[in-house]
> 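Just passing along the structure, written as structure tokens.
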Amino acid sequence: MTLRVIQWATGAIGKTTLRAVLDDPELELAGLFVYGDRKAGRDAGDIARRDPVGVLATRDRAEILATEADVVIHAPRLQVPYETHDADLLALLRSGKNVITTAGHHFPRAHGPEREKMFLEACEEGGTTLYGVGISPGVVGERIALGLTGACLDVEHVAIDEVLDASRVPDPNFVFDVMGMGADPESVDLTGGDLPVMYGKLYAETLAFMAERMNLPVERIEPDHRVRAAVRDLEVPAGTIRKGTVAATEWRWHVVGGGRRVLSLAIVWTMDPELPEYAGRDHWTITVKGRPGMTLTLNLIEPDDPASRTTAGQFVTAGPVIRALREVVAAPPGIFEPPVFAPYDFKGGTR
């Protein structure tokens, strides 16, 4: 069965998923929503660097809501506050369209029953399913790390460390406003500021999902954030990062259960991969302390095609979206949660 797909937003990730849709004969592009005037009215094929397909980009939300489609690939830029995209997601779900989003919303239950209920009611009204996915959040913790725990007799601690070179990100808004690069380190509020609050909500969903699947009672989540200043002026595609301003962010959280730290998640983004503390580090390292202890490293390999404008990071974010299309369309109405086979169970026994 051919799936009718609407692409929502055409930034770096959105264009990657758009090309995947256009290149797949079993997928039909039904509509294309864009945010900017510059893209409105253009053929989707032109935006994706493909042949024309006869689908024109629109900024009209009502037009998209009225378009018949099986699923919407919702790939806008993450924004402050975290709830920025709620209204669009709810409207799409109520209109009868399943939604896969890369802008968070992986596990709304992490934020309490009211937030989960809001999305569940929209899904029930539209007979639809919501799924939030990417590589992290979405795969590294929710699938890979949990899978590793299933090979253990005992688990004391699970740590996930992400260290990614963000210097190739071209969007100034994302780099300076959403990632927080180029700011005065002394002015950055690492506790109640907009960015730690937004990222805290985003990554709390990974930690809450992992804890729930392992039957780990969560007493609290402890933040442990830091920033690193540039040691030289950096000229990157998004602009200039001056010496002494923020060139790297380290967002880190610890889940406390039973009076001790049991899960730790660190998200490190740097605009200067030559800084000594980041040089040569793996993109992801998962460390399980238990019986047995184990370490798994994961690294992305950039395309060897010199003509490719798409990075490995864009491919690895788009891949889980495309792979999930048919699963989400076939799922019953509600919030889709990926199955996890037999992870470690802190309460013991079988479930």
Side-chain angles (χ1 to χ4, degrees), residues 7-19 32-42 47-49 57-59 61 64 73-89 101-105 132 134-137 162 164-185 187-190 192-203 225 227-230 233-251 267-273 309-318 321:
Q7 176 64 50
W8 185 288
T10 56
I13 303 304
K15 278 192 282 194
T16 305
T17 54
L18 175 60
R19 283 190 286 270
L32 176 61
F33 179 84
V34 295
Y35 285 95
D37 289 330
R38 185 174 57 85
K39 294 179 181 178
R42 290 173 58 189
I47 293 174
R49 302 194 301 274
T58 181
R59 296 186 65 201
R61 284 172 166 79
I64 292 295
I73 297 176
H74 179 261
R77 185 185 303 121
L78 194 65
Q79 293 286 358
V80 176
Y82 181 65
E83 298 80 10
T84 295
H85 300 296
D86 284 3
D88 287 331
L89 289 169
T101 180
T102 60
H105 302 82
I135 181 65
S136 176
E162 173 182 310
L164 293 183
D165 174 9
S167 62
R168 292 181 61 187
V169 177
D171 189 334
N173 172 262
F174 190 78
V175 168
F176 296 108
D177 298 333
V178 180
M179 299 186 78
M181 303 299 178
D184 176 2
S187 69
V188 178
D189 181 353
L190 292 175
D194 289 342
L195 293 183
V197 169
M198 178 186 70
Y199 287 121
K201 291 180 178 180
L202 174 66
Y203 288 102
H225 308 316
V227 296
R228 292 289 182 266
D233 286 352
L234 300 171
E235 296 295 338
V236 296
T240 301
I241 296 175
R242 298 296 180 190
K243 179 180 178 179
T245 65
V246 173
T249 55
E250 299 183 10
W251 307 111
I267 306 296
V268 179
W269 296 318
T270 177
M271 305 304 290
D272 186 359
R309 302 182 192 177
T310 306
T311 67
Q314 292 159 11
F315 281 127
V316 82
T317 304
V321 173

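These figures come from a predicted structure and were not determined experimentally. Values reported hereafter were calculated over all heavy atoms of this structure, with side chains retained and with hydrogens, waters and symmetry mates removed.
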> Quick check: do Arg309 and Lys15 have side-chain heavy atoms less than 4.5 Å from each other?
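Arg309 vs Lys15: side chains apart.
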
> One pair to check against side chain to side chain contact (heavy atoms under 4.5 Å, CB included): Thr58 and Ile64. What are the steps and the verdict?
CA-CA 8 Å; Thr58 181; Ile64 292 295; 3.8 Å; yes

> Can you confirm whether Leu195 sits close enough to Trp251 that some side-chain heavy atom of one is under 4.5 Å from a side-chain heavy atom of the other?
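They are in contact (side-chain heavy atoms under 4.5 Å apart), so the answer is yes.
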
> Go through the steps to decide whether Arg61 and Asp88 satisfy the test side chain to side chain contact (heavy atoms under 4.5 Å, CB included), and finish with yes or no.
CA-CA 8 Å; Arg61 284 172 166 79; Asp88 287 331; 2.8 Å; yes

> Below 4.0 angstrom, N of the basic side chain to O of the carboxylate: do Asp233 and Lys243 qualify?
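Result for this pair is no, no salt bridge flagged.
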
> Can you tell me how far the CG atom of Leu18 sits from the CH2 atom of Trp8, to the nearest 0.5 Å?
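If I round to the nearest 0.5 Å, the distance is 15.0 Å.
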
> Are the side chains of Gln7 and Thr17 in touch, meaning some heavy atoms are under 4.5 Å apart?
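When only atoms from C-beta onward are counted, Thr17 and Gln7 do touch, with a gap below 4.5 Å.
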
> Would you check if Leu202 and Leu78 make a side-chain contact, meaning some heavy-atom pair closer than 4.5 Å?
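Counting from C-beta outward, Leu202 and Leu78 do come under 4.5 Å.
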
> Taking all heavy atoms of Ala12 and all of Gln314, pick out the closest pair and write down the distance.
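Minimum heavy-atom contact is CB-NE2, 3.4 Å.
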
> Given Ser167, which of Val175, Val236, Ile241 fulfils the side chain to side chain contact (heavy atoms under 4.5 Å, CB included) condition?
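Result: among Val175, Val236, Ile241, Val236 is the only option passing the side chain to side chain contact (heavy atoms under 4.5 Å, CB included) with Ser167.
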
> Quick one: do Asp171 and Arg77 satisfy side chain to side chain contact (heavy atoms under 4.5 Å, CB included)? Show the steps, please.
CA-CA 10 Å; Asp171 189 334; Arg77 185 185 303 121; 2.2 Å; yes

> What I'd like to find out is whether the side chain of Lys201 reaches to under 4.5 Å of the side chain of Glu83, using heavy atoms alone.
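Contact flag for Lys201/Glu83 side chains = yes.
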
> Does the gap between the ring centers of Phe176 and Phe174 come in under 6.0 Å?
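No - the distance between ring centres of Phe176 and Phe174 does not fall below the 6.0 Å cut-off.
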
> Test Asn173 against Gln79 for side chain to side chain contact (heavy atoms under 4.5 Å, CB included), laying out the working first.
CA-CA 10 Å; Asn173 172 262; Gln79 293 286 358; 3.6 Å; yes

> With no hydrogens and no angle check, just 3.5 Å: does a side-chain donor-acceptor pair link Glu250 and Trp269?
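Checked: Glu250/Trp269 side chains show no N/O donor-acceptor pair below 3.5 Å.
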
> Looking only at side chains, do Thr270 and Asp272 share a donor and an acceptor under 3.5 Å apart?
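No, no side-chain donor-acceptor contact under 3.5 Å.
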
> Whether the side chain of Lys39 engages the backbone of Ala57 through a donor-acceptor N/O pair (distance < 3.5 Å, no angle test) should be reported.
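Side chain of Lys39 to backbone of Ala57: no pair is present.
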
> Under a 3.5 Å cutoff, is there a donor and acceptor pairing between the side chains of Thr310 and Arg19?
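Result is yes, a qualifying pair exists.
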
> Would you check if Ile267 and Ser136 make a side-chain contact, meaning some heavy-atom pair closer than 4.5 Å?
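Yes, side chains in contact.
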
> Going by the rule salt bridge (Lys or Arg N to Asp or Glu O under 4.0 Å), which residues pair with Asp194 if we only count those two or more places apart in sequence or in a different chain?
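Checked Asp194 against salt bridge (Lys or Arg N to Asp or Glu O under 4.0 Å); zero matches.
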
> Find out whether Thr101 and His85 are in side-chain contact, i.e. whether some heavy atom of one side chain is under 4.5 Å from a heavy atom of the other.
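No. Closest side-chain heavy atoms not under 4.5 Å.
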
> Atom CZ of Phe33 and atom CZ of Arg59: how far apart are they, to the nearest 0.5 Å?
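These two atoms lie 7.0 Å from each other.
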
> Once you round to the nearest 0.5 Å, how far does CD1 of Ile13 lie from NE2 of His74?
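Interatomic distance, Ile13 CD1 to His74 NE2, rounded to 0.5 Å: 14.0 Å.
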
> Could you report the tightest heavy-atom contact between Pro185 and Ala229, atom names first, then the distance?
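Looks like CG-CB, 4.2 Å.
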
> Going by heavy atoms in the side chains, are Leu234 and Thr240 under 4.5 Å from each other?
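Heavy-atom side-chain distance check fails, nothing below 4.5 Å.
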
> How close do Tyr35 and Pro76 get, counting heavy atoms only, and between which atoms?
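It is OH-CB, 3.5 Å.
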
> Can you see which heavy atom on Met198 is nearest to which on Val80, and at what distance?
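Minimum heavy-atom contact is SD-CG2, 3.6 Å.
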
> Closer than 3.5 angstrom, by distance alone: can the side chain of Thr317 be matched with the main-chain N or O of Gly313 as a donor-acceptor pair?
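Side chain of Thr317 to backbone of Gly313: a pair is present.
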
